[in-house]
Amino acid sequence: MDGAGKPPQHNDIYAVIDLGSNSFHMLMVKVVGGSVQVIGRVKRKVRLAAGLNDSLVLSKQAMTRGWECLALFAERLQDIPAANIRIVGTATLRLARNVKTFLVEAETILGQPIQVISGEEEARIIYLGVAHTSNCDSNRLVIDIGGASTEIVVGQGFQPILLSSLNMGCVTFLERYFGNNELSEANFNAAITAAEHEIRTISEQYLTQGWQNAVGASGTVQAMQEILVGQGKDEVITLPRLEAIMQQALACGHMDQLNLPGLAQERKQVFPSGLAILIALFRVLNISGMTLSGGALREGVLYSMLPQLQHQDVRARTLQSMMVRYYIDQQHAERVADMAATLASQLHQQWNLASFEGLAMLRSGALLHELGLLIEYKNHHHHGAYIISHAELPGFTRAQQQLLMALVYNHRADIHKEILSKQTMTSVLLAVRLTRLLRLSVILSMRRRYEVLPEVQITAQAEALTLNLPDGWLDHHPLMRAELEQEVVYQHQAGWQLSIE
């Protein structure tokens, strides 16, 4: 306690509260090693939008649900400086005519001001949240389906270009089109048609602008991706896949019977309405494929409080932070990454490693291959893989994170092909090729000195690799010879041909 009898405050901890139309969220982070470390998440399903009547008056019951949730949040805010807290309200609070009644009590409970943001501002902040957590240099389309509104943005880098907020959301459409809890063609068609009508009001300018990648930043998109992965598919959401999921939902017939592999219990209620909106977006905007973003509104608000972390390469920032936090020898990590790049460049034509960000993932694996050394040496590849699998890694999609985990797990010793086979980002073949190059790079760099790195040449005949070293080099490096001979055995046991000459 300080002299005033108050608990000490933590100046390096930040909190963001998002008063959404479906759920209230609180995110708490600590700035560590040049990145953010999540130290707490609290989410409560409030369904505020369900309490908004046709006259746009928010019911006392809905407001009470919100106040009760905020009373839980308030306890955690006591230890955080007011300057490190941001609280924003979105679509339902924008629309409610009696919003002041809710806000007066809510601000009293929290002891903090609440900012109700416009739809355009919400879209801008969502885009920044995506930009700060996802790696992409090209034009991208960002979509966030909320409880009462859907934000649509096209931007490049950290700069939004087109911003829109439409009055349709998974809670309002649930009440309007699935109120009878029936999963029927009539209900789905009505919801999809209504959503298409809304989207067409802004579609022409978006189609004219164009984009290279589409990213979803909402619970609806996350639910769709989890269903796809749960059904053995990769992470890319497409219109045929969405329509197939709708057919599965129709087969269930009723909300109470809705049970799809990969669909979380907490998403079931708003799943059909969110699906209908997403299908309409794909149809009207001609979206070919979409992946899930690592952040959205809360992350956008958070990074606006952290100027020291803004406008940087997101993936590079994450890698640098991991190397600092886990005391990785950065010079050696770069040495291994350089060797991997050298080998990859020689196989560029034969193996097409640049596809699906293969070269970037190879470099990331090289930089983090010693991540687990902080725990112990013998199984450090396993420890490193575990950390990667369970860490939050802004700049990497979940599928990219799984590939990175597989590379680190298999960078030395026995090869576990079953881990390589569980890829949803890319082909198993590319994962295998990256693994083989990383393993050779680690061995060739084992003396941890640039001046003793050999001039190597590597060639491939289909999947058979030949590594050529300078004449007499192996005779002068007997330990390296032994390691490379053992590597030939490891790769042979995995069914891969490797020759050392």
Side-chain angles (χ1 to χ4, degrees), residues 332-370 381 384-385 403-423 425-501:
H332 181 61
E334 289 284 355
R335 186 182 298 113
V336 174
D338 289 345
M339 177 58 74
T342 297
L343 297 180
S345 67
Q346 296 179 33
L347 298 177
H348 177 72
Q349 296 297 326
Q350 300 101 311
W351 276 12
N352 191 27
L353 297 173
S355 63
F356 296 99
E357 293 199 281
L359 294 177
M361 296 306 299
L362 179 59
R363 173 174 171 78
S364 299
L367 292 178
L368 297 185
H369 79 280
E370 290 190 333
H381 49 309
L403 175 57
L404 188 56
M405 180 275 291
L407 291 175
V408 171
Y409 192 101
N410 284 294
H411 85 263
R412 64 184 294 272
D414 293 330
I415 297 165
H416 293 259
K417 294 180 69 176
E418 66 276 11
I419 294 177
L420 292 168
S421 69
K422 296 176 181 177
Q423 298 305 313
M425 169 196 156
T426 185
S427 68
V428 175
L429 178 59
L430 180 58
V432 166
R433 288 172 168 177
L434 297 178
T435 298
R436 298 178 72 184
L437 294 183
L438 178 58
R439 292 174 66 91
L440 289 172
S441 301
V442 170
I443 294 171
L444 293 169
S445 307
M446 63 182 291
R447 287 191 57 186
R448 309 177 85 88
R449 293 169 56 193
Y450 273 109
E451 60 268 25
V452 297
L453 291 177
E455 292 290 333
V456 297
Q457 289 187 329
I458 191 168
T459 57
Q461 294 293 329
E463 300 309 308
L465 286 178
T466 300
L467 185 69
N468 290 279
L469 293 154
D471 290 342
W473 191 88
L474 288 173
D475 294 333
H476 290 91
H477 297 84
L479 178 58
M480 190 78 75
R481 177 198 288 274
E483 291 291 328
L484 288 170
E485 288 174 349
Q486 179 60 55
E487 180 62 16
V488 170
V489 174
Y490 281 133
Q491 296 209 18
H492 178 74
Q493 290 172 342
W496 310 332
Q497 185 176 339
L498 171 65
S499 301
I500 309 295
E501 297 181 358

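What you are looking at is a predicted structure, and each value in this text was computed from that prediction instead of being measured. When a residue number appears, it is its place in the shown sequence, counting from 1. Computed from heavy atoms alone, side chains included, the values below leave out hydrogens, waters and symmetry copies.
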Hey, are the side chains of [X] and [Y] touching, using non-hydrogen atoms and a 4.5 Å cut-off?
X      : Y      : value
Leu434 : Leu359 : no
His411 : Leu407 : no
His492 : Leu498 : no
Leu347 : Leu465 : yes
His416 : Asn410 : yes
Leu444 : Leu469 : yes
Trp473 : Met480 : yes
Ile415 : Arg439 : yes

One pair to check against side-chain contact (heavy atoms from CB on, under 4.5 Å): His332 and His369. What are the steps and the verdict? CA-CA 10 Å; His332 181 61; His369 79 280; 4.2 Å; yes

Closest heavy-atom pair and its distance - [X], [Y]:
X      : Y      : answer
Ser445 : Ser441 : OG-O, 2.8 Å
Gln491 : Leu440 : NE2-CG, 4.4 Å
Tyr409 : His381 : O-CD2, 3.2 Å
Ala337 : Leu367 : CB-CD2, 4.1 Å
Trp351 : Ala460 : NE1-CB, 3.7 Å
Ala344 : Leu362 : CB-CD2, 4.0 Å

Quick one: [atom1] on [X] to [atom2] on [Y], what's the gap to the nearest 0.5 Å?
X      : Y      : atom1 : atom2 : answer
Leu479 : Leu474 : CG    : CG    : 11.5 Å
Arg436 : Leu467 : CZ    : CG    : 11.0 Å
Glu455 : Thr342 : CD    : OG1   : 8.5 Å
Glu483 : Arg481 : CD    : CZ    : 13.0 Å
Glu487 : Ile443 : CD    : CD1   : 4.0 Å
Gln350 : Ile458 : CD    : CD1   : 9.5 Å

Could you go step by step and tell me if Lys417 and Val428 meet the side-chain contact (heavy atoms from CB on, under 4.5 Å) rule? CA-CA 9 Å; Lys417 294 180 69 176; Val428 175; over 6 Å; no

Is it true that atom [atom1] of [X] has more than 12 heavy atoms of other residues, nucleotides or ligands lying nearer than 6.0 Å?
X      : atom1 : answer
Gln497 : CD    : no
Gln486 : CD    : yes
Asp475 : CG    : yes

side-chain contact (heavy atoms from CB on, under 4.5 Å) assessment of Val456 paired with Met339: CA-CA 9 Å; Val456 297; Met339 177 58 74; 4.1 Å; yes

Start with the C-alpha gap between Leu429 and Glu463, add the side-chain angles, then the distance that decides, and say whether side-chain contact (heavy atoms from CB on, under 4.5 Å) holds. CA-CA 9 Å; Leu429 178 59; Glu463 300 309 308; 3.5 Å; yes

Can you sort out the partners of Gln461 under side chain to side chain contact (heavy atoms under 4.5 Å, CB included), two or more places apart, ordered by chain and number?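 For Gln461, no residue satisfies side chain to side chain contact (heavy atoms under 4.5 Å, CB included) once neighbours in sequence are set aside.
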
Can a salt bridge be assigned to the pair Arg363 and Glu334 using a cut-off of 4.0 Å between side-chain N and carboxylate O? yes

